[in-house]
Amino acid sequence: MRKRNIIVGIIIVLVLLVFSGYKIATTPRHTLEKQSITISKKAAHLTRTTDFMIYNREQTYYAVAGYTQDNQLKYVVINGKSGKITVLETNKAYTKDKITKLVTKKYPSNKIYGIDLGLNKGQPVWEVATKSKTGQLTYRLFDYQTGKLVEQIENL
């Protein structure tokens, strides 16, 4: 009975350590997300948010998707270094849903691993990470307004 109690105690301690480690590891992302959402709500008058994305290329950008009081979808892109805010309208643009459909149609054998919004040379782009059936990673940048392929890095 004593041996059983020791084993149960060790298991409980291990579970607590795993959960604590996870919490510590994810805290910076949660903090960035909360700060980005607060900034985005003020900058674009969002009443509710639906997505948070991190874009890492030459610079880091944090993007928040959300809806205004009149149910208009907007994206807010925040430069991680300067704090400069760019509010993107979605009428006549490629939303995350539209870019997902485009990539799924153009590259049907690739699995999408991530879609993030950011700025490339000052222009809004969608970065789409995909993996082929053979395990090769590809990063593609698509123009936010037109959906055209801007850049592609293959076979990673």
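A quick note: this is a predicted structure, and the numbers were derived from the prediction, not measured.
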Next item on the list: Kindly determine whether K106 and R140 satisfy side chain to side chain contact (heavy atoms under 4.5 Å, CB included), including the steps that lead there.
Entry: CA-CA 12 Å; K106 278 189 166 187; R140 294 180 181 92; over 6 Å; no

Check: Would K34 and T31 satisfy side chain to side chain contact (heavy atoms under 4.5 Å, CB included), going step by step from the backbone distance to the final call?
Finding: CA-CA 5 Å; K34 284 180 184 180; T31 301; 5.9 Å; no

Checklist line | Nearest-0.5 Å distance that lies between atom OH in Y55 and atom CD in E127 | finding: 6.0 Å

Notebook entry, point to check: Closest heavy-atom contact between L88 and P124?
Noted result: CD1-CB, 3.7 Å

Note to self: Under 3.5 Å, is there a donor on one side chain and an acceptor on the other for D143 and Q123?
What the structure shows: no

Check: Say you draw a straight line from CD of E154 to OG1 of T130; how long is it, rounded to the nearest 0.5 Å?
Finding: 8.5 Å

Next item on the list: Using a strict 4.0 Å threshold on nitrogen-to-oxygen distance, state whether E89 and K74 make a salt bridge.
Entry: yes

Checklist line | Qualifying residue, where the test is ring pair (Phe, Tyr, Trp, His ring centres under 6.0 Å) with W126 and the options are Y75, F142, Y94 | finding: Y75

Note to self: Could you tell me if the side chain of V150 sits less than 4.5 Å from the side chain of K148, heavy atoms only?
What the structure shows: no

Note to self: For N120 and E58: C-alpha separation, side-chain torsions, deciding distance, then whether side chain to side chain contact (heavy atoms under 4.5 Å, CB included) applies.
What the structure shows: CA-CA 8 Å; N120 182 47; E58 291 82 28; 3.6 Å; yes

Next item on the list: Compare every heavy atom of L73 with every heavy atom of T90, then report the nearest pair and how far apart it is.
Entry: OG1-O, 2.8 Å

Item checked: Y61 vs D116, side chain to side chain contact (heavy atoms under 4.5 Å, CB included): CA-CA, chis, key distance, verdict -> CA-CA 9 Å; Y61 292 93; D116 297 304; over 6 Å; no

Next item on the list: Report the distance from atom CG of L117 to atom CD1 of I54, rounding to the nearest 0.5 Å.
Entry: 12.5 Å

Notebook entry, point to check: Within the distance-only criterion (no hydrogens, no angle test), does the side chain of S36 pair as donor or acceptor with the backbone N or O of A63 below 3.5 angstrom?
Noted result: no

Check: Distance from L119 atom CG to Q59 atom CD, nearest 0.5 Å?
Finding: 8.5 Å

Notebook entry, point to check: With hydrophobic residues grouped by side-chain heavy-atom distances under 4.5 Å, do L149 and I99 end up in a single group?
Noted result: yes

Margin query: Show the nearest heavy-atom pair for residues A44 and V76, with the distance to one decimal.
Written below: CB-CG2, 3.6 Å

Note to self: Does any part of the side chain of N71, heavy atoms only, come nearer than 4.5 Å to the side chain of R48, both counted from C-beta?
What the structure shows: yes

Next item on the list: Could you verify whether a donor N or O on one side chain and an acceptor N or O on the other, from T68 and D70, lie under 3.5 Å apart?
Entry: yes

Next item on the list: Consider only side-chain heavy atoms of I, L, V, M, F, W and Y, link residues closer than 4.5 Å, and tell whether V128 and Y139 are in one cluster.
Entry: no

Checklist line | Same cluster (ILVMFWY, side-chain, under 4.5 Å), M53 and L141 | finding: yes

Notebook entry, point to check: Does a side-chain heavy-atom distance below 4.5 Å link Y144 with V125?
Noted result: no

Notebook entry, point to check: Do T138 and Q152 come close enough that some side-chain heavy atom pair is under 4.5 Å?
Noted result: yes

Note to self: To the closest 0.5 Å, what do you measure between CD1 (I112) and OG1 (T100)?
What the structure shows: 5.0 Å

Next item on the list: Heavy atoms only: give me the nearest I78-S40 pair and the separation to one decimal.
Entry: CD1-OG, 4.0 Å

Notebook entry, point to check: Is it true that R57 and E151 make a salt bridge, defined as a side-chain N closer than 4.0 Å to a carboxylate O?
Noted result: yes

Margin query: Distance check, rounded to the nearest 0.5 Å: K101 atom NZ versus T104 atom OG1?
Written below: 9.5 Å

Notebook entry, point to check: Of all heavy-atom pairs between I85 and A43, which one has the smallest distance, and what is that distance?
Noted result: CG2-CB, 3.8 Å

